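Because only heavy atoms are used, hydrogens play no part in the values below, and waters and symmetry mates are left out as well, while side chains stay in. Throughout, protein chains are lettered first and strands after them, A, B, ... in sequence-line order, and every chain is numbered starting at 1. Just so it is clear, the model here is predicted, and its values are computed rather than measured.
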Protein chains: 2
Amino acid sequence: MQTTPLTQQLAAQIADYIRAERLGEGERLVERRLGDLFRVSRSPVRAALKLLEQSGIARPGDGGGYVIARLDAETFRALDHVPSYDDDQIYLDIADDRVSGNLPDRITENELLRRYKLTRGRLTHILRRMANEGWIERLPGHGWEFLPVLTSLQAYEDSYRFRLLIEPAAILEPGFVLNRPALEHCRDQQQWLVDGAIFEVSNARLFELNSGLHETIIECSRNSFFIDALKRIDRLRRLIDYRQMLERDSARHRCREHLELIDLLLAGKRFEAAEFMKKHLEELSTLKVRARSRRPGEPSAEPATSRSVSA
Amino acid sequence: MQTTPLTQQLAAQIADYIRAERLGEGERLVERRLGDLFRVSRSPVRAALKLLEQSGIARPGDGGGYVIARLDAETFRALDHVPSYDDDQIYLDIADDRVSGNLPDRITENELLRRYKLTRGRLTHILRRMANEGWIERLPGHGWEFLPVLTSLQAYEDSYRFRLLIEPAAILEPGFVLNRPALEHCRDQQQWLVDGAIFEVSNARLFELNSGLHETIIECSRNSFFIDALKRIDRLRRLIDYRQMLERDSARHRCREHLELIDLLLAGKRFEAAEFMKKHLEELSTLKVRARSRRPGEPSAEPATSRSVSA
DNA sequence: ATTGGTTTTTTGTCGCGTTAAAATGCCTTA
DNA sequence: TAAGGCATTTTAACGCGACAAAAAACCAAT
């Protein structure tokens, strides 16, 4: 039996689907329908179903095929963490090495190939992704050059001024429609954080939950330009914010604000919500600036915060 | 002698550089310095210099190397149009075929390979580019799917509301610094259009000049998030706006507005400029909406605008 | 008509050799 | 010491074949 990335991903998606749709034991898992739903052919669906059988989520049905087995929370947990693409880890490794100064400003593809033991295709994928996110650039001839986007404080302030503009405006978009279930899901998560989980979750997870909330809100605007713009910023932020130790007390304060914000939205008070979002982001921005108050060129006044960024 | 794309591009860049820096006859064109400037090694610079010799812009200097020859406008014109990458044309062809309905919603890479006679590498480049611009998407398994971003009127209105937000705000950014030479260059171009050239230039060129102006302005904000956001929108717009016959009288009106806008900026009246930009975009938005008042699904009421573009 | 099972076709990734072109290093000269 | 000339090394795109996996077509059963 083969378990390819696609198969694993599909299995996780199907599990999510079962949970989201509240499907009960004994219901058929129809191959064709699942294939249509997730835009793949039946082949990977079959493999995914076999995988789900092994996890105990599905069992063979009468007359072939699979039906849903039992559904305790424990069973799901096994598939909970979406198996991130192998590439994603290497991508983060490169970002890591870059931010911590292990990679020079300019580098060739072959050098990266050697360092990270990749195939050419994979590396090309990763490089293009980084280029799209705007922190590496192809040189006219051979090689690539890292851009200073991530490392400068200036970029941070810039990104917050941009968010300050678009996020409140998105809430006031004419096409804005609340996605209640998604928002309520976010509220549960934020409540969970406030109730103490915040001191236990990883940086990565915390970042994911918070940016996920902001993205859920902006998605309600149903204007892809707002949505894409924020998502692009978040992909960039992820690379930095992952790494710095987030201060949990102020993070908790932010989560409380998130809860307020969600409640305003759920109550239909869009205008107030937009105002609140503005204030929330303004606070966030000053927080960040205070935390990393080093000018790009200037020597650091606070050695504790100045991690060497580039060789 | 080899003339690769890089060589040609370099030659054009060097020519531009000579013009921009007002370098005179007899000045040395130092290989190393040019290489550093354009971030390439000496090899392609040498090839480019040979090319410039053929064009009559450079001539061999005493003791080797090249110096600037004579500099009449006629000589430059030969190198004026930057040789666009081969890929760009195919990219536009695909967009063309897509917009005019010659390509199905889903398609495999091999099918595209056959249709457009590309190598795998090239196609991968193009597909990734389209994916980044947000109008095609990789399916989980095999194949790609075109997204409806481009074709819907809704997306148009969305994009204009987004621009209406960011473009005036960009002018008011704290880091805003006028790029006088660039703006004056734009003013010359706009004046040239208003003076009658507008009835002669191609759609493509008109689009390029106008979006170039808007991008020049937003670049003065020196906030990469504003800049990137607008550039992304423009890349999308290009695909559509290329194709529809632009109405020259209202286009001329827009150019007149552009001139006013530039004058406000050059006079340092940023606040007024931002206000003017807002009004300008509002007008533009209503224009567009009126011009393409066809719902995505509905049959076209104006057959004149649906030109079959490619076989 | 749906569904599952099976087979066939197609796809797209990987590995590897080849090669033009870009980068680099060395030498000479002014 | 800064420049060009020249030779050498390195790079990355291309082409091709192999192979696993996904898509598609076909069949049988209910």
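- Using a 4.0 Å heavy-atom distance criterion, A/Arg120 is classed as a base contact.
- Side-chain atoms of B/Leu6 lie closest to C/dA22 of the nucleotides D/dG5, C/dA22, D/dA3.
- The distance from the CD atom of B/Glu109 to the CD1 atom of B/Ile107 is 10.5 Å, given to the nearest 0.5 Å.
- Nearest-nucleotide positions on DNA chain D place B/Glu31 closer to the 5' end than the other of B/Leu139 and B/Glu31.
- Taking only side-chain nitrogens and oxygens, A/Thr7 never comes nearer than 4.0 Å to OP1 or OP2 of D/dA21.
- In terms of phosphate contacts, A/Asn110 brings a side-chain nitrogen or oxygen within less than 4.0 Å of OP1 or OP2 of D/dA12.
- Across all strands shown, B/Arg138 has heavy atoms under 4.0 Å from sugar-phosphate atoms exclusively, and none from any base.
- Residues of residues 37-44 of chain A that place a heavy atom closer than 4.0 Å to DNA chain D, in numerical order, are A/Val40, A/Ser41, A/Arg42, A/Ser43, A/Pro44.
- Rounded to an integer number of Å, the gap from A/Asp36 CG to D/dA24 C1' is 13 Å.
- A straight line from CZ of B/Arg128 to P of D/dA13 spans 14 Å, rounded to a whole angstrom.
- Mapping B/Thr108 and A/Gly141 onto DNA chain C via the closest heavy atom, the residue that lands nearer the 5' end is B/Thr108.
- The nearest whole Å value for the distance from the CZ atom in A/Arg115 to the C1' atom in D/dT11 is 17 Å.
- Ion pairing of A/Lys231 with A/Asp234 is absent here, as no side-chain N (NZ or NE/NH1/NH2) approaches a carboxylate O to less than 4.0 Å.
- Here the CZ-CD1 distance, from B/Arg138 to B/Ile136, works out to 10.5 Å after rounding to the nearest 0.5 Å.
- Between A/Arg33 and C/dT3, a side-chain N or O to OP1/OP2 separation shorter than 4.0 Å is present.
- Rounded to a whole Å, the NZ atom of B/Lys117 is 15 Å from the P atom of D/dG15.
- The local environment of CZ in A/Arg33 is sparse, with at most 12 non-hydrogen atoms from other residues, nucleotides or ligands closer than 6.0 Å.
- Heavy atoms of B/Leu113 sit nowhere under 4.0 angstrom from any nucleic acid atom.
- In this structure, CG of B/Leu34 is placed 16 Å from P of C/dA22, rounded to the nearest angstrom.
- A heavy-atom distance below 4.5 Å is not found between the side chains of B/Phe207 and B/Ile240.
- Contact annotation: A/Arg114 reaches the phosphate of D/dT11 (side-chain N/O to OP1 or OP2, under 4.0 Å).
- We find that CG of A/Leu123 is positioned 15 Å from C1' of C/dT13, with the value rounded to whole Å.
- Atom CG in B/Leu10 sits about 13 Å away from atom C1' in C/dA23, given to the nearest Å.
- Of the possible polar contacts, none joining the A/Glu133 side chain to the A/Met130 backbone as a donor-acceptor pair under 3.5 Å is found.
- At the phosphate of C/dC14, OP1 or OP2 sits under 4.0 Å from a side-chain N or O atom of A/Thr119.
- Note: B/Trp135 and B/Phe146 have parallel aromatic rings, judged against thresholds of 30 and 60 degrees for the angle between ring planes.
- The backbone N or O of A/Asp96 sits less than 3.5 Å from a side-chain atom of A/Ser100, completing a donor-acceptor pair.
- Judged by distance alone, the side chains of B/Arg129 and A/Asn132 never bring a donor and an acceptor atom under 3.5 Å apart.
- With salt bridges taken as basic N to acidic carboxylate O contacts below 4.0 Å, none links A/Arg22 and A/Glu27.
- Heavy-atom nearest nucleotides on DNA chain D were determined for A/Arg32 and for A/Glu111, and the one closer to the 5' end corresponds to A/Glu111.
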Yes or no on side-chain contact (heavy atoms from CB on, under 4.5 Å) for A/Arg232 and B/Phe225, after CA distance, side-chain angles and deciding distance? CA-CA 9 Å; A/Arg232 289 180 70 78; B/Phe225 297 94; over 6 Å; no

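- Relative to the side chain of B/His142, the nucleotides C/dC14, D/dA13, C/dG12 differ in distance, and C/dG12 lies closest.
- Residue-level contact check: B/Gly143 touches the backbone only, with heavy atoms under 4.0 Å from sugar-phosphate atoms and none from bases.
- The interatomic distance linking A/Ile126 (CD1) with C/dT13 (P) rounds to 14 Å, in whole Å.
- Axis angle across the helix from C/dA1-D/dT30 to C/dA30-D/dT1, with five pairs used at each end and values rounded to 10°: 40°.
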